[in-house]
Amino acid sequence: EAGVAQSPRYKIIEKRQSVAFWCNPISGHATLYWYQQILGQGPKLLIQFQNNGVVDDSQLPKDRFSAERLKGVDSTLKIQPAKLEDSAVYLCASSPPRGLAGGYSYNEQFFGPGTRLTVL
Amino acid sequence: SQKIEQNSEALNIQEGKTATLTCNYTNYSPAYLQWYRQDPGRGPVFLLLIRENEKEKRKERLKVTFDTTLKQSLFHITASQPADSATYLCALDLSTGGGNKLTFGTGTQLKVEL
């Protein structure tokens, strides 16, 4: 089974520029998450999608961050304009619908490798 | 607001010993608690989930306990190996109707030495 794919893996930009990250979740996973992980901290949820609808975006800085999940599959996260404090790893995760068979607990999340963003 | 505390200092132990990591939380009563492993440059990987009505869960050399009175979870790795060296994250599960919402601790870095 293919895992969660993310691109790019690394990105360096200057402050005030814009950047976009892409995520392809595991096939059949209805829920998709974007997390921000600052060095030395745990992941912090930015936004959660259920299919193509937003379930929770309470911690998304909406003045500069936006995310979409067209057709309920792939998702993009955009930052415009970027600030120095946006330097972090951006992780995408997905989870299966509750009760989906496959040998794993229905509440676990599967993470991609992340995109490391450096804002100069 | 919810607060999750894990040992902020790295834990160094000798190969073969049991590693015990602590996760304490306040102001919340989670239905589930999860533990993840994270290696440098990679995303977290799910290890174990324990429900509020379960005291203990085991998987191979891993054991998790969950004390809802103390608001604490302990994560044990028995017969530790250098390959167990990683950062371990605990996460509270704020389940919603549309999926599960995780709040992560800061993680504890474990180093298993020969």
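Reminder, nothing fancy here: chain letters follow the sequence lines and each chain counts from 1. Just the heavy atoms: all of them, side chains too, but no hydrogens, waters or symmetry mates, feed the values below.
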Can you establish whether the number of heavy atoms outside Glu9(B) located under 6.0 Å from its atom CD is more than 12?
-> no
Interface residue of largest heavy-atom contact number with chain A, from Pro44(B), Gly43(B), Gly41(B), under 4.5 Å | Pro44(B)
Working to the nearest 0.5 Å, report the span between OG1 of Thr103(B) and CG of Leu45(A).
-> 7.5 Å
Does CD in Gln80(A) sit with more than 12 non-hydrogen atoms of other residues, nucleotides or ligands closer than 6.0 Å?
-> no
For Lys62(A), does the NZ atom sit with more than 12 other heavy atoms under 6.0 Å from it, leaving out its own atoms?
-> yes
Mind ranking Gly114(A), Pro43(A), Pro113(A), Ala93(A) by heavy-atom pairs under 4.5 Å with chain B and telling me who comes out on top?
-> Pro43(A)
Is the distance between the ring centroids of Tyr35(A) and Phe104(B) less than 6.0 Å?
-> yes
Within 6.0 Å of CG in Leu84(A), more than 12 heavy atoms from elsewhere = yes
So, the part of Gln6(A) with a heavy atom under 4.5 Å from chain B: the answer is neither
Which distance, rounded to the nearest 0.5 Å, do you find between the NZ of Lys101(B) and the OG of Ser95(A)?
-> 14.0 Å
Side-chain contact test, heavy atoms from C-beta onward, threshold under 4.5 Å: evaluate it for Glu108(A) versus Leu49(B) and give yes or no.
-> no
Please flag which part of Gln6(B) lies under 4.5 Å from any non-hydrogen atom of chain A: side chain, backbone, both or neither.
-> neither
Are Val54(A) and Ile79(A) connected, step by step, through hydrophobic side chains (Ile, Leu, Val, Met, Phe, Trp, Tyr) whose heavy atoms are closer than 4.5 Å?
-> yes
Report yes or no: do Ile50(B) and Leu74(B) belong to one cluster of Ile/Leu/Val/Met/Phe/Trp/Tyr joined by side chain heavy-atom distances under 4.5 Å?
-> no
Going from CD on Gln38(B) to CZ on Phe111(A), what distance comes out if it is rounded to the nearest 0.5 angstrom?
-> 8.0 Å
Take atom NZ in Lys71(B); do more than 12 heavy atoms of anything else shown fall under 6.0 Å from it?
-> yes
Indicate whether any N or O donor in one side chain lies under 3.5 Å from an N or O acceptor in the other, for Gln109(A) and Gln34(B).
-> no
Is the number of heavy atoms from other residues, nucleotides or ligands under 6.0 Å of Glu14(A) CD greater than 12?
-> no
Taking all non-hydrogen atoms of both residues, which atom of Gly42(A) and which atom of Leu89(B) are closest, and how far apart?
-> CA-CD2, 4.1 Å
